[in-house]
Amino acid sequence: MATVDEIRAQLSGLLPRRDPETVGSVLGAGNDDVDAGRAWLRGASEHGLAVPAWPSEFGGRDADEEEVRLINELRSEFAVPDMYPFAVGLSLVAPILFDSPDEAQQQRWLKGIADGSEIWCQMFSEPDAGSDLANIATKVTPDGDQWLVSGQKVWTSRGPYSRWGMCLARTDPEQVKHRGLTMFAVDMEGPGVDIRALHQMNGDTHFSEVFLDDVRVGRPDILGSEGGGWGVAMTVLTHERSSLGGSGGGLDPSGGYGWLDQLGALGRLQDPVWRDRAMSLYAKQKVAGWTARRQANATETGSGGSGGKLRLVEVYSERTTIVQDALGAEGMIAGDTLVEFLTGPSMSIRGGTDEIQRNIIGERILGLPPEPRVDKGVSYSDLRRQGLV
Ligand SMILES: Cc1cc2nc3c(=O)[nH]c(=O)nc-3n(C[C@H](O)[C@H](O)[C@H](O)COP(=O)(O)OP(=O)(O)OC[C@H]3O[C@@H](n4cnc5c(N)ncnc54)[C@H](O)[C@@H]3O)c2cc1C
């Protein structure tokens, strides 16, 4: 195992020291600097510093738990760029590849994910398939031993700069809607892929809708198995919720109490009404942090990250609102604070809405009666014929 000095020396060769006053963005909000992230990952992959637990052949350093913890701790001393543009590859696709017995796919994609050369996006949502994700209509037509994929995806974050898209599509419409779906890796730079940017109110321009017109895919592009797309999607969404909920670092509440200092600097904490509001939020943030920690074992608790996501989303939104309120009119021109405030509303939608997280908790954890489902046991093509989708 490397010493603290060795790791610190490797890190300082790649990154400037972090200004302790700044809290780095982890959401890409108005700040998805792909070049900075790529430069860091390229250098980091030579020493295995970004993904230390990964095998060295894929850009890691085969680090054990203790070394991973040490590297994470030392990394926080440095100004690591926002990893948001790379998050789908690093946090969602890589675990699927590691779990898969398909070594060819590991060789094909893991190195490019670790060194930042190949960015991934997630193409699940469609105009009629958001909360009801199993309603995917993107169709797949066999063509010899390959397939042609056609349809429309929407809300695709990172689309314009992605090389690969994790795309959920319907390979067998005669099955009930959760079955007959397959997850493909689609080459976003290939023929038939049209990416149109959607601008968000926080300034982000990486959001997009993607039109797929006879996009050719083959068997080596299947993530998981043919017809096994729903299982892959559920695994990805569990990782995503956990990541947004903090256990993966997405909205990690640690170090996130800068808002309290801001309120103090603005003199608000002298006022008992403001103090009461601040204290209530402080308590919520503490609880959110503990929930995130408990949920680091999300699969064991069975919640799949829903509870952690709900709590952290609430804290994120209240934290950005309280600062805006305290700033008053100045808040309208307040740079990062304003961007965070304008990102707030999207937090309760991305990765599954608050209502859907509550449904998951109600049904899977509390064992409450499930919602009525008129589509149960009916094949996707019959649903369409009956006008139910
Ligand atoms: C910033 C951002 C980034 C995103 N990035 C991606 C991405 O990269 N890839 C991707 O595939 N998708 C992405 N999404 C899409 C996101 O997953 C969907 O927006 C979300 O799942 C909700 O789907 P919808 O927008 O179609 O809303 P709908 O499903 O139409 O929901 C509309 C409203 O009805 C409520 N509702 C729906 N069903 C129920 C129910 N059964 N019970 C109670 N209430 C219900 C919802 O909670 C919501 O309030 C992103 C969204 C945002 C905002």
Side-chain angles (χ1 to χ4, degrees), residues 25-32 84-93 119-138 151-162 164-169 177 181 183-184 186 188 195-212 223 229-230 232-234 236-241 243-244 250-251 305-306 309-310 313 316-317 339-364 368-376 388-389:
S25 164
V26 288
L27 295 165
N31 182 32
D32 44 330
Y84 176 84
F86 308 89
V88 170
L90 289 168
S91 306
L92 307 183
V93 178
I119 292 177
W120 285 70
C121 63
Q122 181 185 343
M123 292 196 292
F124 291 9
S125 304
E126 296 181 2
D128 283 326
S131 300
D132 187 9
L133 185 60
N135 208 24
I136 294 284
T138 291
Q152 183 194 347
K153 295 291 175 179
V154 75
W155 320 136
T156 309
S157 306
R158 311 170 182 83
Y161 50 65
S162 283
W164 296 100
M166 207 185 352
C167 176
L168 192 58
K177 63 185 192 174
L181 294 168
M183 191 74 81
F184 292 98
V186 165
M188 301 298 283
I195 305 163
R196 300 185 196 166
L198 298 168
H199 289 200
Q200 290 188 76
M201 66 179 173
N202 67 355
D204 277 349
T205 54
H206 63 79
F207 215 36
S208 54
E209 50 186 351
V210 181
F211 295 83
L212 305 161
L223 296 167
W230 185 248
V232 179
M234 289 305 99
V236 167
L237 290 175
T238 300
H239 284 302
E240 187 178 13
R241 283 194 296 267
S243 164
L244 281 167
L251 276 179
S306 296
K309 185 188 178 238
L310 276 172
V313 163
Y316 184 90
S317 197
V339 169
E340 284 213 312
F341 174 70
L342 294 175
T343 303
S346 75
M347 301 306 298
S348 61
I349 304 172
R350 59 171 89 181
T353 66
D354 288 357
E355 289 78 13
I356 296 304
Q357 306 309 331
R358 291 197 173 92
N359 278 354
I360 292 173
I361 292 172
E363 293 184 18
R364 294 195 209 150
L368 297 175
E371 287 192 313
R373 293 199 169 99
V374 291
D375 51 12
K376 216 169 175 185
L388 291 173
V389 296

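Counting convention: from 1, in listed order, for ligands and their atoms alike.
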Please work out whether any backbone atom (N, CA, C, O) or any side-chain heavy atom from C-beta onward of I356 is under 4.0 Å from ligand 1, and answer side chain, backbone, both or neither.
side chain
If the cut-off is 4.0 Å to any non-hydrogen atom of E355, which atoms of ligand 1 fall inside it?
43 (C), 44 (N), 46 (C), 47 (O), 49 (O)
Just checking, R158 and F207: is the charged tip under 6.0 Å from the six-membered ring centre and within 45° of the axis?
no
For ligand 1, which atoms have a heavy atom of N359 less than 4.0 angstrom away?
40 (C), 41 (N), 42 (N)
Per-atom filter on ligand 1: closer than 4.0 angstrom to a heavy atom of T353 are 22 (C), 46 (C), 47 (O)
The atoms of ligand 1 lying under 4.0 Å from a heavy atom of S157, numbered in the order shown, are 3 (C), 4 (C), 5 (N), 6 (C), 7 (C), 8 (O)
R158 N/O to ligand 1 N/O under 3.5 Å:
no
In P160, C167, C121, the residue satisfying side-chain contact (heavy atoms from CB on, under 4.5 Å) with M188 is C121
Return yes or no for this condition: an N or O of Q122 is under 3.5 Å from an N or O of ligand 1.
yes
For ligand 1, which atoms, with element, lie under 4.0 Å from some heavy atom of F124?
11 (O)
Strictly less than 4.0 Å: does any protein heavy-atom distance to atom 46 (C) of ligand 1 fall in that range?
yes
With a 4.5 Å heavy-atom cut-off, do K309 and M347 have their side chains touching?
no
Under 4.5 Å between any side-chain heavy atoms of V93 and V88, yes or no?
yes
Among all the protein's heavy atoms, is there at least one whose distance to atom 34 (O) of ligand 1 comes out below 4.0 Å?
no
For the CH2 atom on W155, are there more than 12 heavy atoms of other groups (residues, nucleotides or ligands in this structure) within a distance under 6.0 Å?
no
Validation row: D132, K177 side chains within 4.5 angstrom (heavy atoms):
yes
Can an N or O of Q200 be found at a distance shorter than 3.5 Å from an N or O of ligand 1?
no
Nitrogen or oxygen of S346 less than 3.5 angstrom from that of ligand 1:
no
Suppose I only count heavy atoms of E371 and a 4.0 Å limit; which atoms of ligand 1 are within that range?
40 (C), 41 (N), 42 (N)
Does the protein put any heavy atom within less than 4.0 Å of atom 30 (O) of ligand 1?
no
